[in-house]
Amino acid sequence: MAFSAVWRLANLGRHLDLSESVNKAAPVGSIKLKVASEVSEALSLGRAVVALESTIISHGMPYPQNLETAKEVERIVRENGAVPATIAILDGTPCVGLSVEELERLAILGTRAQKTARRDIAHVVACGGNGATTVSATMLFASMVHIPVFVTGGIGGVHRHSEQTMDISSDLTELGRTPVTVVCAGVKSILDIPRTLEYLETLGVCVAAYKTNEFPAFFTESSGCKVSCRVDTPEDCASLIEASIKLKLGTGILIAVPIPQEHSTSGHIIESAIQKAIKEAREKNITGNAETPFLLARVNDLTGGASLAASIHF
């Protein structure tokens, strides 16, 4: 199955000694953190739990495809021996683990749910709003309840022309300060991948590639950028995570798993679409956290749906 390389990592918990870090979920300060009973029980027993973001549900694809994809991802996590913990903010309450009804609610809300990075959390909670968590917010909440592994499609990074816009995703700084391992298909190829990797190096983040020496580019298997760390088995990944935890490095780990070749989008087609989408974004003055959803949507349109299909198959 296309997901197998990633979801085999769902069993990492059995390879790690989490006895020192896993506790029953409790309120964080005076803010109530709602942890699903299934997730809470799994954490208390030291079972594997995999965190999942929710922006892909609300902003990544239309309803009902978003709901079907969210359910499918959770099903695959369970089939591989772990408990899925989709993270979101509902009615001002951070939730770690969503029920089917809550998943459907978020899917129907779509873009009416606020795209929530770390900087937005306090605002969404204070206003009693609904927030779909990005990589940075998902990592933070996962860390709060001691979930060590988070799986997503692709992370944000340094945007192209960042020397003019200073547009750098908070996903990167979160990786530099939050000890959660992020497993994904690399950095979205709408971004500047070489600069993203340089920035992660500056932050002290270990970047590993799964069964390859080259960093993948989300829609395609390769980016032309080499990595210094290669892992070839789930056990290799577990050893890497365990060493980071025991050394108390305090940083995240990025494990990039290439999208299977049969679902990879042709490199020249995707690059041509990206360049056109970026030009349109500049002409329309679309910047900040609105830029990535716009670019992904336009690239999907320009590739006739091939980029979205690739995202789902990862």
Selection residues 87-111 - residue pairs positive for salt bridge (Lys or Arg N to Asp or Glu O under 4.0 Å), sequence neighbours left out =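 Checked against salt bridge (Lys or Arg N to Asp or Glu O under 4.0 Å) - neighbours excluded - the pairs reaching residues 87-111 are Lys34-Glu102, Asp91-Arg105.
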Excluding sequence neighbours, so at least two apart, what forms side-chain hydrogen bond (donor to acceptor under 3.5 Å, both in side chains) with Glu163?
->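 With neighbours one apart ignored, the set is Arg195.
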Return the [atom1] to [atom2] distance between [X] and [Y], rounded to the nearest 0.5 Å.
| X | Y | atom1 | atom2 | value |
| --- | --- | --- | --- | --- |
| Phe150 | Leu175 | CZ | CG | 9.5 Å |
| Leu200 | Leu172 | CG | CG | 5.0 Å |
| Leu98 | Thr86 | CG | OG1 | 5.5 Å |
| Arg78 | Asn80 | CZ | CG | 12.5 Å |
| Leu203 | Leu254 | CG | CG | 12.0 Å |
| Ile56 | Asn66 | CD1 | CG | 9.0 Å |

Could you list the residues that satisfy side-chain contact (heavy atoms from CB on, under 4.5 Å) with Lys226, not counting sequence neighbours?
->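 Counting only residues at least two positions away or on another chain, Lys226 forms a side-chain contact (heavy atoms from CB on, under 4.5 Å) with Glu214.
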Under the side-chain contact (heavy atoms from CB on, under 4.5 Å) rule, collect the residues that match up with His123, sequence neighbours excluded.
->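 So His123 forms a side-chain contact (heavy atoms from CB on, under 4.5 Å) with Gln114, Cys127.
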Joint cluster assignment, Ile57 & Leu109, ILVMFWY side-chain distance < 4.5 Å =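 Different clusters: Ile57 never reaches Leu109 through Ile, Leu, Val, Met, Phe, Trp or Tyr contacts under 4.5 Å.
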Are any of the side-chain heavy atoms of Thr138 and Leu52 separated by less than 4.5 Å?
->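 Not touching, per the 4.5 Å side-chain cut-off.
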Output yes when a side-chain donor or acceptor of Ser58 lies under 3.5 Å from a complementary backbone atom of Thr111, and no otherwise.
->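 Answer holds: no.
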Do Thr55 and Thr134 get their side chains close enough for a donor-acceptor pair, meaning under 3.5 Å?
->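 No.
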Thr152-Glu53 side chain donor-acceptor pair, cut-off 3.5 Å |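 Yes, because at least one side-chain N or O of Thr152 sits under 3.5 Å from a partner of the opposite role on Glu53.
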Arg119 atom CZ, neighbour heavy-atom count above 12 within 6.0 Å |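 Counting other residues, nucleotides and ligands, CZ of Arg119 stays at 12 neighbours or fewer.
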With ILVMFWY side chains joined below 4.5 Å, transitively, what does Leu247's cluster contain besides itself?
->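 Result for Leu247 is Leu249.
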Can you list every pair that meets side-chain hydrogen bond (donor to acceptor under 3.5 Å, both in side chains) and has a residue in residues 167-179, with sequence neighbours left out?
->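 Of all non-adjacent pairs touching residues 167-179, those that pass side-chain hydrogen bond (donor to acceptor under 3.5 Å, both in side chains) are Arg118-Glu174, Ser136-Ser170, Ser169-Asp171, Glu174-Thr178.
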